[in-house]
Amino acid sequence: MAVRFLLLPLALLALAASSAAVANLEIGFYSKTCPDAEKIVREEMIKIIAAAPSLAGPLLRLHFHDCFVRGCDASVLLESTEGNVAEKDAKPNKSLRGFGSVERVKAKLEAACPGIVSCADVLTLMSRDAVVLAKGPFWPVALGRRDGRVSSATEASNELPPASGDVPLLAKIFASKGLDLKDLVVLSGAHTLGTAHCPSFADRLYNSTGAGENGAYGVVDSSLNSEYADKLRLKCKSVDDRTMLSEMDPGSFKTFDTSYYRHVAKRRGLFRSDSALLFDDTTRDYVQRIATGKFDGEFFKDFSASMIKMGDVGVLTGAEGEIRKKCYAPN
C-alpha cells in the first residue's frame, strides 16, 4: 500500500509548534534518541491498516478516550489489577479495540530504541497515521509525552463525553479539556470512521417497554430520520443487542471524508450527540456548511488543528510519569 504523507501548510506547522511549546512538547523530539521513531510507527501502521482497514476508526477512538481522562498519558492502555479497575474496563470503554496493534508498534520501537518512546506518543502517532491511511489529512505531531501510572474506570465513566449528550453538556466537558465549541463539532467528524454496537444508540429506536401498541414503535426520538431508524431496527433487535454493529458513517465507514456531516444534516446521525449538533446555532452552521461538499479542505485543516489541540491535553513531560516498556502495565 503506497501512501503519500503530504507536505504541510505553514499555518499547521506554526500551530503545532506554538501548541507544543505551551505543553512542553517538541516537533522532532526523538531526532537524536530515536530518529526513525515516526518512520517505524508509519511502516507498521501501513501493514496494520492494509490487513484490517476497519481498525482506523478504533485506533483514532483509543486516542480520544485516552486524552479525555487524565490527559494524553496512555492510561487507557493499562490493564486492571487485583486492587484497581482500569479505564479500559469502564462501561464506555468496553467496546474499545486496537490494544494489540499498539503493543505491536511499541514492540518494534523497543527493539530499535529501548525505553525511549512513550506509549502516549505511540498512540498519538498511530491515531494520526490511521487518519492518513483512511485518506484523511496529515498533521505534525509534537512529541515528548510521558506515560501515566494511574488508570481509573470511575474517572473514565465520569469524564468521557457520552454518546447521548446534548451540546451544552458536551461543550462543558470539552471546555474542561481546553477545547471549544468548534473543536466539538470538528472532532465529531471523527465519526466518519468506525462502527458502533447497538446499546450506544438503541434507546433512540425503542422505548423502555419495547414496541408500543399493536407492535408500533411510535416516535421514540424525533430528531432521528424515521426511515433511517427503521433501517437501524433491522440490525438492532433490542436495546441490549450486542451482536450487531452499525456503521457510524454508512457507506463510507473506512474512509475519512465529510459524508458524516451530510448524514447529520439529514437527521441520520447515529448517536444522540450527533443529532444534537443541529440544535445549536454554531454547530449547526458548521455541519450544514461542510455537508455541502464544497469545503472538504477546510474541514481537513480544522480537524488537523483540533487534533493538535487535543493531543496536548494534560500531557506529562520532563520527569513526570515514565516511559513504559509494555503499554499495558507500569514499569
Side-chain angles (χ1 to χ4, degrees), residues 8-9 11-12 14-16 18-19 56-57 60-61 63-65 67-68 127-128 130-132 134-139 160-194 196 200-201 204 221-225 228 247-253 255-313:
L8 283 157
L12 262 188
L15 171 64
S18 62
S19 183
L60 180 56
R61 187 172 175 234
H63 180 49
F64 271 69
H65 282 232
C67 292
F68 270 85
S127 67
R128 189 271 311 276
V131 170
V132 174
K135 301 182 180 178
F138 176 96
W139 60 91
L160 286 169
S164 59
D166 59 14
V167 169
L169 173 62
L170 297 173
K172 184 178 179 180
I173 294 171
F174 270 63
S176 73
K177 309 300 176 187
L179 302 170
D180 59 26
L181 201 54
K182 183 174 182 181
D183 296 315
L184 166 57
V185 66
V186 168
L187 292 174
S188 294
H191 289 171
T192 185
L193 294 175
S200 60
F201 61 85
R204 307 184 73 193
D221 184 348
S222 59
S223 68
L224 187 63
N225 177 281
Y228 182 48
E247 298 172 6
M248 292 193 286
D249 184 2
S252 180
F253 76 105
T255 304
F256 192 95
D257 55 26
T258 57
S259 62
Y260 160 80
Y261 291 102
R262 286 185 279 285
H263 287 300
V264 173
K266 295 175 181 175
R267 296 193 299 118
R268 290 170 178 255
L270 187 62
F271 305 120
R272 287 186 190 271
S273 60
D274 296 323
S275 296
L277 298 175
L278 295 178
F279 292 90
D280 174 90
D281 290 345
T282 300
T283 56
R284 181 179 63 248
D285 287 350
Y286 191 86
V287 167
Q288 292 175 341
R289 177 180 173 83
I290 303 303
T292 64
K294 297 177 182 178
F295 303 99
D296 289 13
E298 178 183 321
F299 167 63
F300 275 28
K301 288 178 186 175
D302 289 344
F303 189 82
S304 299
S306 290
M307 287 295 290
I308 289 169
K309 283 179 68 177
M310 189 186 75
D312 293 347
V313 170

Residues Tyr261, His191; criterion side chain to side chain contact (heavy atoms under 4.5 Å, CB included); working and verdict: CA-CA 9 Å; Tyr261 291 102; His191 289 171; over 6 Å; no
Start with the C-alpha distance between Met310 and Asp183, add both sets of side-chain angles, then the distance that settles side chain to side chain contact (heavy atoms under 4.5 Å, CB included), and finish with yes or no. CA-CA 9 Å; Met310 189 186 75; Asp183 296 315; over 6 Å; no
Chi angles and distances behind the side chain to side chain contact (heavy atoms under 4.5 Å, CB included) call for Val287, Leu278: CA-CA 8 Å; Val287 167; Leu278 295 178; 4.1 Å; yes
Taking it one step at a time, do Arg267 and Tyr228 satisfy side chain to side chain contact (heavy atoms under 4.5 Å, CB included)? CA-CA 9 Å; Arg267 296 193 299 118; Tyr228 182 48; over 6 Å; no
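In this structure, CZ in Arg262 is found 5.5 Å from OG in Ser259, a value given to the nearest 0.5 Å. For the atom pair CD (Gln288) and OG1 (Thr283), the distance works out to 9.5 Å, reported to the nearest 0.5 Å. Interatomic distance, Ser252 OG to Tyr260 OH, rounded to the nearest 0.5 Å: 13.5 Å. With rounding to the nearest 0.5 Å, the separation of CZ in Phe295 from CG in Asp302 is 11.5 Å.
Ring pair Phe256/Phe299 is parallel by interplanar angle, where below 30° counts as parallel and above 60° as perpendicular.
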Acceptor/donor pairs from residues 160-175 side chains to any protein atom, 3.5 angstrom cut, sequence neighbours excluded:
unit_1, atom_1, unit_2, atom_2, d
Asp166, OD1, Leu169, N, 3.0

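Taking all atoms of both residues into account, the shortest heavy-atom contact from Val313 to Cys67 is CG1-O, 3.7 Å.
Here Asp296 pairs with Thr258 under the side chain to side chain donor-acceptor pair (under 3.5 Å) rule; sequence neighbours left out.
A 4.5 Å side-chain heavy-atom check between Asp180 and Lys309 finds at least one atom pair inside the cut-off.
Of the possible polar contacts, one joining the Asp274 side chain to the Phe271 backbone as a donor-acceptor pair under 3.5 Å is found.
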